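Below is one structure, written out as structure tokens; comments come after it.
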Amino acid sequence: MTTSTSTSAAGSASPARQVTVGLAERSYTVHIGHGVQRLLPQVVAALGARRAVVVTARPAGQTPDPGVPSLVVPARDGEEAKDLAAVTDLCRRFVGFGLTRSDVVVSCGGGTTTDTVGLAAALYHRGTPVVHVPTSLLAQVDASVGGKTAVNLPEGKNLVGAYWQPAAVLCDLEHLKTLPDREWRNGLGEIARCHFIGAPDLDGLPLLDQISASVTLKAGIVAADERDCGPRHLLNYGHTLGHALERATGFALRHGEGVAIGTVFAGRLAGALGRIGPERVAEHHDVVSRYGLPTGLPPDVSVSELVELMRLDKKATDGLTFVLDGPEGPGLVRGIPEDTVSTTLAAMPRAPAW
């Protein structure tokens, strides 16, 4: 994994960053900065693609130009649209356009668009190149990088998916100028949890540095463990409870908000298990609070429902499983007693997250 700096794609003095996700022949560059979306025709040309399907959740005037004949397919960001039916629909649109495995799919939208389009590209012709143009803070710092693609089932979140690395990622900060407050918080939840997995003290940095640091951290972890056999579990810090909270609230609670609450809970659970002391437990709350993120459970969610949902987590191969802080840093902890989890959850404060 390497990081470099250059002028922006717009040609101004504003810096842009390039982070390489080092995966041998599957390596790719994440471009971060103002105007980097303009690099898309160059990226597509380097792939040798003759045509593209651009799947976009953005307004028509903000559709990126791939520089080759293209089909534009509207998408809708949101967990309710992230299912197998959406993947089937996309693949049928690819067929109708005559897309080949030598062409390219471009996603333009938030994390749910990135996940759904990425899975469709992974499955179509057993793998078609995909380029991500993430337009939300959440998608730029997390969802667009690392090659995890997945959609939801009624029984749980991200239960059907594949690993399919993008050919490139273009994180254009111009897209973030119109983000509503809750979408900012959605992304900040992922940035906050970085404090406990290798990138502390990001809250005082400029936005470009926050995104670059988050992507650099993830790129290094993915390069060391592409398929979740070891260190990549660290990226799920705060996510076990976070995913359960999303499901329990019918996705009224956004992903980053759930991860923020899950991060506070991870600190409390690590403390209950004697893995960290009271000061480090309090640090989890303090870090999340500094980002203006929620720290308590929603008022109407039951502990028993959350425990039941957490049993469905993909990491839970041997009882309830969490990524938790510890004396030697964070790590995956399996087989945690349900009564310890339930008691710790019950002691969490209750407060609306929005």
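What you see below is based on every heavy atom in this structure, not just the backbone, and it leaves out hydrogens, waters and symmetry mates. Every value quoted in this text rests on a predicted model; they were computed, and no experiment measured them.
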- prompt: Can you list the steps and then say if Arg247 with Glu305 is a salt bridge (charged side-chain N to carboxylate O under 4.0 Å, His left out)?
  reply: CA-CA 10 Å; Arg247 293 283 303 159; Glu305 181 183 10; over 6 Å; no
Does any non-hydrogen side-chain atom of [Y] lie less than 4.5 Å from one of [X]?
X      : Y      : value
Asn152 : Asp83  : no
Val36  : Glu174 : no
Leu137 : Leu207 : yes
Val54  : Leu71  : no
Gln210 : Val141 : no
Val55  : Val106 : no
Val301 : Pro298 : yes
Val323 : Val333 : no

Rounded to the nearest 0.5 Å, how far does [atom2] of [Y] lie from [atom1] of [X]?
X      : Y      : atom1 : atom2 : answer
Glu257 : Arg185 : CD    : CZ    : 5.0 Å
Asp89  : Phe94  : CG    : CZ    : 9.5 Å
Arg268 : Leu324 : CZ    : CG    : 14.0 Å
Leu84  : Leu153 : CG    : CG    : 6.0 Å
Leu245 : Thr240 : CG    : OG1   : 11.0 Å
Asp300 : Arg350 : CG    : CZ    : 8.0 Å

For [X] and [Y], which I'm curious about, is there any donor-acceptor pair between the side chains at under 3.5 Å?
X      : Y      : answer
Thr114 : His132 : no
Asp339 : Ser342 : no
Thr112 : Asp77  : yes
Gln165 : Tyr28  : yes
Gln140 : His175 : no
Lys148 : Asn158 : no

State plainly whether one hydrophobic cluster holds both [X] and [Y], where clusters connect Ile, Leu, Val, Met, Phe, Trp and Tyr through side-chain heavy atoms under 4.5 angstrom apart.
X      : Y      : answer
Leu208 : Ile191 : yes
Leu138 : Leu173 : no
Leu23  : Val19  : yes
Tyr163 : Val30  : no
Leu202 : Leu176 : yes

message: Quick check on the 6.0 Å ring-centre criterion: do Phe322 and Tyr237 meet it?
response: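 Phe322 vs Tyr237: aromatic centres not under 6.0 Å.
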- request: Carefully, step by step, assess Leu320 and Val307 under the rule side chain to side chain contact (heavy atoms under 4.5 Å, CB included).
  value: CA-CA 8 Å; Leu320 290 173; Val307 171; 4.2 Å; yes
Do side-chain atoms of [X] reach the backbone of [Y] as a donor and acceptor pair under 3.5 angstrom?
X      : Y      : result
Thr249 : Glu246 : yes
Arg51  : Phe97  : yes
His195 : Asp201 : yes
Thr128 : Arg101 : no
Thr56  : Arg58  : yes
Thr116 : Thr113 : no
Asn236 : His239 : no
Asn186 : His255 : yes
Tyr124 : Leu99  : yes
Arg93  : Val53  : no

Salt bridge present between [X] and [Y] (N-O < 4.0 angstrom):
X      : Y      : result
Asp115 : Lys82  : yes
Arg311 : Glu338 : yes
Asp65  : Arg38  : no

- request: Could you go through the salt bridge (charged side-chain N to carboxylate O under 4.0 Å, His left out) check for Asp325 and Arg280 one step at a time?
  value: CA-CA 9 Å; Asp325 203 359; Arg280 184 66 167 174; 2.5 Å; yes
Kindly check if the number of other-residue, nucleotide or ligand heavy atoms within 6.0 Å of [atom1] ([X]) is above 12?
X      : atom1 : result
Arg290 : CZ    : yes
Arg126 : CZ    : no
Arg50  : CZ    : no

side-chain hydrogen bond (donor to acceptor under 3.5 Å, both in side chains) assessment of Gln37 paired with Gln62: CA-CA 10 Å; Gln37 179 175 294; Gln62 299 178 28; over 6 Å; no
Please report the shortest heavy-atom distance between [X] and [Y], naming the atom on each side.
X      : Y      : result
Ala260 : Leu293 : CB-CB, 3.8 Å
Leu217 : Ala199 : CD2-CB, 3.9 Å
Arg193 : Glu190 : NH1-O, 2.8 Å
Pro64  : Leu40  : CB-CD2, 3.6 Å
Val87  : Leu119 : CG2-CD2, 4.0 Å
Ala139 : Pro134 : CB-CB, 3.5 Å

field: Chi angles and distances behind the salt bridge (charged side-chain N to carboxylate O under 4.0 Å, His left out) call for Arg232, Glu226
entry: CA-CA 7 Å; Arg232 187 162 180 167; Glu226 182 181 7; over 6 Å; no
query: Run the side chain to side chain contact (heavy atoms under 4.5 Å, CB included) check on Met310 and Leu345 step by step: do they pass?
result: CA-CA 12 Å; Met310 287 189 287; Leu345 273 174; 3.8 Å; yes
message: Run Val131 and Leu47 through side chain to side chain contact (heavy atoms under 4.5 Å, CB included) and show every step you take.
response: CA-CA 10 Å; Val131 175; Leu47 291 172; 4.2 Å; yes
field: Residues that Asp286 engages under salt bridge (Lys or Arg N to Asp or Glu O under 4.0 Å), provided they are two or more places apart
entry: none
